[in-house]
Engineer: 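Here you go, one structure.
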Amino acid sequence: MKPASIKSYCFILILSATTLFVSCNKDVEQYPVTASDDGFGSASVKAIADTIATMEDDSLFNIVLEKSGRADALNDKTLRYTLYVPVNTAVKNAVAFLTGGAIPASAPNATVAAFLRSGQFTSGSADTLVQYHTVAQLFPVSAVPAAFPNLPLPSILNPAPSVSAFLRLNVFPASINGNWLNNIPMTGPNDVKAANGYIHHIAAVALPPSSYLWTRISTDADLTYLKAAIERADSGSTASTSLVANLNTIGPNFTLFAPTNAAFQTALINVITLNLYRQGVPLSTAQAQASAWVTAYGPAIFSNTSLYGSLTATTVKGIIAYHLFGNWSGTPAGMRAFLNNFPTTTTWYQTMLNSSLADHPGIGLTVTLGTAGVTAATVMGAQNSTAANILINPTPGTGTSDQHYLNGVLHKIDQVLIPLAL
Amino acid sequence: MKIVLRLFAIMAFLCAFVKPVYAQVIRGVVKNSETLELVPAVSVTLNGTPAGTFSNAKGAFEINVNTLPATLTISSVGYQTQEITVESATSLTVLLVPKADLGQEVTVSASRFNERVVESPVTIERVSAAAIRNSAAPGYYDIIGNLKGVDIVTSSLTFKTPTTRGFMGSGNLRLNQIVDGMDNQAPGLNFSVGSVIGLTQLDVESMDMLPGASSALYGPGGMNGTLLINSKNPFKYQGLSLEIKEGLMHINDRAAGAGAFHNWALRWGHKVSDRFAFKIASEFTSAKDWVGQDSRNYSRIGTDGAPKAGTRTTDPNYDGINVYGDETSADIRQVLNAVAAQAPFLAPYISTLTADPILVSRTGYNEKDIIDPVTQNFKLSGSVNFKITPGTELIAAAHWGTGNTVYTGSDRYSLKNMKMGQYKLELVNKNWFLRGFTTQENAGQSFNATVTTRLANEAWKASSGSNGWYAQYGQAFLAAKLAGQTDQDAHLAARAMADQGRPDAGSAEWKRIFDSVRSKPISEGGGLFVDKTDLYNVEGQYNFSEALNNTVELLVGGNFKKYVLNSEGTLFADSTGTIPINEYGGYAQLSKKIGEVLRLTVAGRYDKNQNFKGRFTPRATAVVTVAQNQNIRFSYQTAYRFPSTQQQWINLDVGSNTRLIGGQTAFWDFYNFRSNKVYYLNDLRQGTQTEYDFVKYKPETVSSFELGYKGVLADNRLMIDVYGYYGQYQDFITRTLLVQSKTGSTITQADTLNGNIYSVPTNINEKVKTYGWGLSMDYRLPLNFTISANLSSDILGDLPDGFVSFFNSPKYRFNAGFANTGFGHQKRMAFNIAYKWQDSFYYNGDFANGRVPRINTLDAQFSYKLSDARSVIKIGGTNILNQYYVNAIGNARVGGLYYVSYGFNL
């Protein structure tokens with residue numbers, strides 16, 4: 001019996017063990033990671049460069065893209081971009097502009113393509129263009145806020161990598177009075193969804209700025225009074241914080257309403273006349289004297305010490321500050337406003353002068369838009385009897401409005417804006 | 001130790017000069033009637049006198065008698081008692097007949113006087129030396145986890161914390177552990193160190209677990225039970241014993257390769273004379289420790305939180321539970337905004353990135369990389385015992401231990417080279433005892449894993465500064481975003497950039513940095529906590545029963561306890577000097593047997609701690625004998641717990657702007673709670689500013705009713721025990737989080753994570769109800785086979801909304817066993833199989849919360865006796881199916897342990 005009993009117990013043991021040990025210990029509860037899906041990265045969808053290659057109206061820019069050597073990067077599905085693509089007409093216009101009309105805008109695609117492929121158009125230039133049209137994040141049209149004037153976004157173009165890895169040239173998409181990149185209307189199709197980003201289309205090539213505002217101010221024969229006034233305003237300022245320094249470096253973000261020489265002359269005569277009149281000089285005499293001085297001294301009038309009483313550095317600085325548009329107490333300071341984003345009814349905005357005179361009403365901006373874009377725009381000064389006109393001519397480099405520089409945009413005006421405190 | 005050595009010398013002196021003179025000596029040897037094995041530790045008493053002795057390791061005894069003939073009573077647990085009349089002084093051979101002894105063991109634990117287990121008025125779970133010998137567990141402490149109603153938290157191989165009836169936690173403060181009459185709690189660290197620095201494996205005679213409230217008998221602290229561990233008296237257990245276990249662990253462990261397990265134990269008990277005996281015992285354990293390896297992401301707010309989705313790859317603010325150093329977190333918008341200020345042309349773009357906080361954590365290190373993977377434990381204990389009279393024994397005993405282990409409190413603490421000694425001087429008589437002991441604690445080179453690793457990260461590369469880790473991270477993140485990378489890729493690129501040159505875990509550079517931090521005291525900006533807290537206790541008890549002619553059993557006792565907190569400002573607020581805490585108490589118990597059926601017992605105890613009002617705890621029990629060896633028991637018990645020494649005086653920065661502080665009002669002034677107001681953090685997070693109400697904390701209490709039955713049935717082959725209880729806790733001590741502005745201005749909801757967070761002890765006013773039941777069965781089959789099973793359940797009553805109870809108990813747990821202590825040829829073979837299952841439950845701990853999955857474990861051993869050599873060879877293991885588990889979130893992940901052992905004279 002004894003062996004049999006032991007076997008029985010062993011049988012019970014095995015049976016029990018079989019019953020008991022069917023379940024295994026589970027590991028602690030895991031919380032599955034929900035992959036961050038931005039809706040991009042699909043293997044079955046073409047990436048940006050490949051998508052552009054399939055779009056008929058992008059064929060010329062596609063040549064630029066191919067030449068830039070940046071197609072592979074724009075096909076990297078691990079990265080995210082938004083590319084503003086100039087349509088073929090835009091590229092033709094740009095080529096006509098760059099060649100001084102040697103290749104007219106009406107030239108057939110093949111001619112323009114041949115130029116783009118030629119040595120006349122370098123791969124470096126192509127790369128600069130492509131980079132300036134590329135924003136390194138997902139930015140559908142709907143993501144551009146309607147806030148005035150626009151949303152500065154860094155393109156992937158770093159104009160001086162050796163200075164800082166963070167330097168970028170901004171582009172300025174806007175959704176006021178339509179959809180824009182800088183002052184270029186977006187033609188569509190927009191929000192074309194490639195595997196690694198969005199493709200929008202614009203009506204002109206956005207030429208990246210390459211010089212500073214001060215370069216234009218100091219070389220433009222019609223802005224010599226402005227130049228002199230700025231230098232006068234800088235009297236007593238340290239070099240690094242001077243207006244000239246800021247107008248001559250990358251980083252600041254100006255919108256400068258630049259009075260022409262004629263505008264300055266008129267304003268100077270008025271100011272000097274007023275001062276003389278306040279000193280007891282009869283009005284007609286004062287007007288004659290002021291006119292004579294302005295004519296005699298020219299822009300050097302600002303550095304004439306005998307007139308320092310009438311044109312103090314503070315006064316001149318205040319006038320210049322009044323022409324620098326934007327909220328300079330906010331973050332970031334300043335803004336870059338293209339005319340197409342101006343309000344269509346007069347709206348008052350702050351200027352740099354508000355940094356010192358917080359309650360100053362600022363300036364009133366108005367734009368008139370036609371089917372082809374801006375037809376007129378005005379800036380109203382607080383003490384001006386009429387609004388100053390912006391001289392409309394957006395031709396890059398030589399025009400008078402929407403003149404785009406590394407550190408701002410310049411619009412010439414036909415009056416000096418007179419603030420309240422003057 | 002000096003005190004003990006002096007006592008030893010005095011006793012030796014007394015022994016040499018106090019020699020009684022007897023007329024006759026009876027010598028004999030005791031053997032097992034079935035196997036003819038020699039039986040040691042058998043009681044041999046001379047009837048009608050207090051004289052007695054025990055058989056030695058070779059089964060031999062000698063007893064002095066004045067005259068012959070004399071009648072001897074020979075008894076031992078597991079054998080039928082025999083009375084032998086000796087006519088002449090010849091050598092005897094006594095053959096003891098084995099018998100099933102279910103429920104007949106005598107214990108003093110349940111009532112402080114001798115009674116059979118089956119007659120206990122409260123539930124008691126007893127583990128005998130025989131059970132320890134036949135257990136599959138590698139250490140006696142592991143057996144506790146298989147008892148009915150017992151839950152275990154395994155913080156490391158050598159740090160296991162048992163509890164009963166809920167409220168489980170590593171270093172559970174609600175379960176007293178008393179070793180040879182000494183509270184085994186480390187007075188500064190507060191947890192009981194039974195598995196680290198307690199008795200050695202070969203010196204344990206028995207363990208009694210009393211589930212539920214027990215303050216009336218054993219003083220403050222026994223809210224959820226009391227574990228009493230008794231050592232072997234050298235008069236009874238003599239000779240040399242040794243056991244060598246060699247084992248293997250970590251098979252298929254994802255945290256470590258297979259590693260060895262070594263456990264060597266030695267005991268020598270020697271009776272020099274009828275009056276003088278001594279023992280010395282030691283044990284050494286060395287193994288590659290189980291480690292915490294829960295790498296789940298954790299949402300941590302102060303000492304609260306929950307696991308959440310995310311990994312180091314997907315969550316830049318990842319904070320792994322058992323990953324350390326990644327608790328350092330900052331919002332990199334600070335960096336990005338600084339870049340925007342320097343480069344205004346980027347400001348609009350940066351503002352598109354910074355609408356929401358971008359929280360980023362430092363890169364952490366896994367637990368296995370920062371905590372010594374080898375746990376070592378060395379215990380040394382001994383006693384000298386001198387019988388002043390046959391009934392009065394003077395005992396000087398010392399238990400000393402050192403080693404490294406890991407404990408989980410509000411953090412994972414590496415207790416490195418911790419030392420603790422307990423030294424006792426005791427006079428014991430059957431009617432009274434007088435005992436004094438001291439506990440001397442030294443935390444050694446212990447450190448807090450999180451704080452130390454965070455500081456080590458800082459030592460390698462500072463988080464702040466223009467070229468600090470976060471500056472590098474933020475700039476690299478921005479650069480990656482400007483290059484078109486997705487958020488996740490940009491974070492990964494940024495981390496790679498900021499972590500360039502980061503020392504690899506295990507590298508010499510990392511070790512150098514980490515060691516330099518952990519060896520520097522917390523008060524000096526390091527991670528080392530210095531704890532040299534001591535405890536002094538004197539207590540006594542007198543049993544007046546004989547004086548009252550045994551008409552009633554009357555016990556009266558009392559104690560005085562003094563803590564001396566000494567952490568040199570690293571753990572407690574004691575930077576200016578030690579902090580004493582005095583506590584005293586007294587108790588009385590009256591018991592009377594009414595007829596043959598009913599025994600009533602009432603007891604009460606009063607205790608006073610200098611920082612709290614005194615507390616009285618009553619207890620009443622009744623035992624109704626419904627038939628022979630069948631008793632129904634009913635008890636009403638109360639218990640309370642003074643806030644621990646840490647809950648009174650801790651002052652510890654645990655990182656994440658969080659500081660644990662004690663409940664003493666001195667902290668309110670020190671941290672300017674009144675002038676720079678503090679608010680309840682959780683309320684503030686929900687948008688409500690609730691000022692701290694400065695309510696003083698107080699002891700927590702529990703009252704418990706229990707009804708049970710224990711009976712031996714089926715011709716003494718079946719023992720059944722069943723109980724049900726209902727408990728009500730009040731003034732539960734927990735911690736709550738307060739937050740205070742760093743600047744002094746009123747703190748807002750948005751700033752909650754940026755303020756100074758204080759974790760302060762507080763009481764929960766709501767009553768917490770628990771109830772449960774347990775059922776166990778032990779059945780002796782023929783041929784020495786036994787089967788056993790128990791099922792128990794603990795349930796928490798309805799809770800107020802938002803109440804975190806820390807109940808931490810599975811609703812059901814089940815144990816089953818199948819064993820044989822001797823079968824086959826000469827009953828040389830033995831085995832034991834123990835299966836444990838426990839249900840899933842949600843675990844709350846200051847370190848981590850989360851759901852603990854259900855657990856199955858199977859332990860088994862097979863042994864073979866070499867009777868002639870008095871040796872046993874055993875092969876066994878715990879969790880032999882190698883089913884890895886954790887029984888508390890953030891604690892060690894435990895797998896199978898397999899061993900072979902050789903034991904001599906066990």
Side-chain angles (χ1 to χ4, degrees), chain A residues 1-2 5-6 9 12-13 16-17 20-36 38 40-41 73-74 76 78-81 134-139 143 150-154 156 158 164-170 172 196-197 250-253 331-335 407, chain B residues 294 296-297 307-311 313-315 321 337 339-349 351-353 475 478-479 481-489 781-783 785 787 816 818 820 823-824 833 835 837 840 850-858 879 881 883-886 889 893:
Chain A
M1 280 299 290
K2 189 180 285 187
S5 298
I6 291 174
Y9 295 141
I12 292 168
L13 172 66
S16 304
L20 289 170
F21 309 138
V22 288
S23 59
C24 298
N25 290 343
K26 290 182 178 173
D27 206 345
V28 289
E29 184 181 7
Q30 297 298 320
Y31 298 83
V33 177
T34 305
S36 56
D38 57 8
F40 290 84
L74 287 170
D76 187 338
T78 67
L79 302 177
R80 298 291 179 268
Y81 295 111
T134 305
V135 171
Q137 64 175 313
L138 298 171
F139 231 87
N150 48 42
L151 177 68
L153 285 180
I156 62 172
N158 184 339
S164 169
F166 290 119
L167 276 180
R168 294 290 187 279
L169 288 191
N170 281 339
F172 300 86
N196 58 344
I250 200 164
N253 197 25
T331 302
M335 57 180 62
N407 52 352
Chain B
D294 192 339
R296 289 179 300 168
N297 200 7
K308 64 177 180 180
T311 64
T313 301
T314 63
D315 183 356
I321 292 176
N337 289 334
V339 173
Q342 293 292 316
F345 53 92
L346 286 178
Y349 170 71
S351 70
T352 68
L353 305 175
Q475 292 174 26
L478 180 58
K481 286 300 294 176
L482 286 170
Q485 294 197 10
T486 61
D487 283 356
Q488 181 172 314
D489 288 346
L781 297 162
L783 303 174
F785 286 92
I787 56 172
F818 183 48
N820 192 312
F823 69 100
I833 299 170
Y835 170 74
W837 171 87
S840 172
R851 177 155 290 280
V852 173
R854 68 170 184 264
I855 298 170
N856 300 272
T857 56
L858 182 69
N879 192 10
L881 300 181
Q883 296 275 307
Y884 279 83
Y885 67 87
V886 293
I889 298 300
R893 185 167 178 266

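All values derive from a computational prediction rather than experimental measurement. Chain letters run A, B, ... following the sequence lines, proteins first and then strands; every chain starts at 1.
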Engineer: Would you say that F345(B) contacts L167(A) through its side chain, given a criterion of any heavy-atom pair below 4.5 Å between the two side chains?
Structural biologist: yes
Engineer: Quick check on the interface: out of T313(B), L346(B), I889(B), V852(B), who has the most heavy-atom pairs with chain A under 4.5 Å?
Structural biologist: L346(B)
Engineer: Given heavy-atom pairs under 4.5 angstrom as the criterion, report whether the side chain, backbone, both or neither of N170(A) touches chain B.
Structural biologist: side chain
Engineer: Could you pull out the closest heavy-atom pair between Y31(A) and K308(B), with the gap in Å?
Structural biologist: CB-C, 3.8 Å
Engineer: Which pair of heavy atoms, one from Y885(B) and one from N25(A), lies closest together, and at what distance?
Structural biologist: CB-ND2, 3.7 Å
Engineer: Can you say whether A479(B) sits under 4.5 Å from chain A via the side chain, the backbone, both, or neither, judging by heavy atoms?
Structural biologist: both
Engineer: With only heavy atoms counted, which part of P32(A) is less than 4.5 Å from chain B, the side chain, the backbone, both or neither?
Structural biologist: backbone
Engineer: Where on T314(B) is there a heavy atom nearer than 4.5 Å to chain A: the side chain, the backbone, both, or neither?
Structural biologist: side chain
Engineer: What option among N337(B), T486(B), D315(B) has the most heavy-atom pairs under 4.5 Å with chain A?
Structural biologist: T486(B)
Engineer: Please tell me if the side chains of L482(B) and F166(A) come closer than 4.5 Å, counting only heavy atoms from C-beta onward.
Structural biologist: yes
Engineer: In terms of heavy-atom pairs under 4.5 Å with chain B, which of Q137(A), R168(A), K26(A), Q30(A) leads?
Structural biologist: R168(A)
Engineer: Using non-hydrogen atoms and a 4.5 Å limit, figure out which bit of D294(B) sits close to chain A: side chain, backbone, both or neither.
Structural biologist: side chain
Engineer: With respect to chain A, which residue among Q342(B), Q485(B), R851(B), Q475(B) yields the maximal number of heavy-atom pairs within a distance under 4.5 Å?
Structural biologist: Q475(B)
Engineer: For N158(A), check side chain to side chain donor-acceptor pair (under 3.5 Å) against everything at least two apart and list the hits.
Structural biologist: none
Engineer: Main chain of D27(A), side chain of R893(B): is a donor-acceptor contact present, judged purely on distance under 3.5 Å?
Structural biologist: no
Engineer: For P344(B) and G251(A), work out which heavy atoms get closest and say how close.
Structural biologist: CG-O, 3.8 Å
Engineer: Less than 4.5 Å apart, any side-chain heavy atom of P853(B) and any of V28(A)?
Structural biologist: yes
Engineer: Of the non-hydrogen atoms in G484(B) and A136(A), which two are nearest, and what is the gap between them?
Structural biologist: N-CB, 3.3 Å
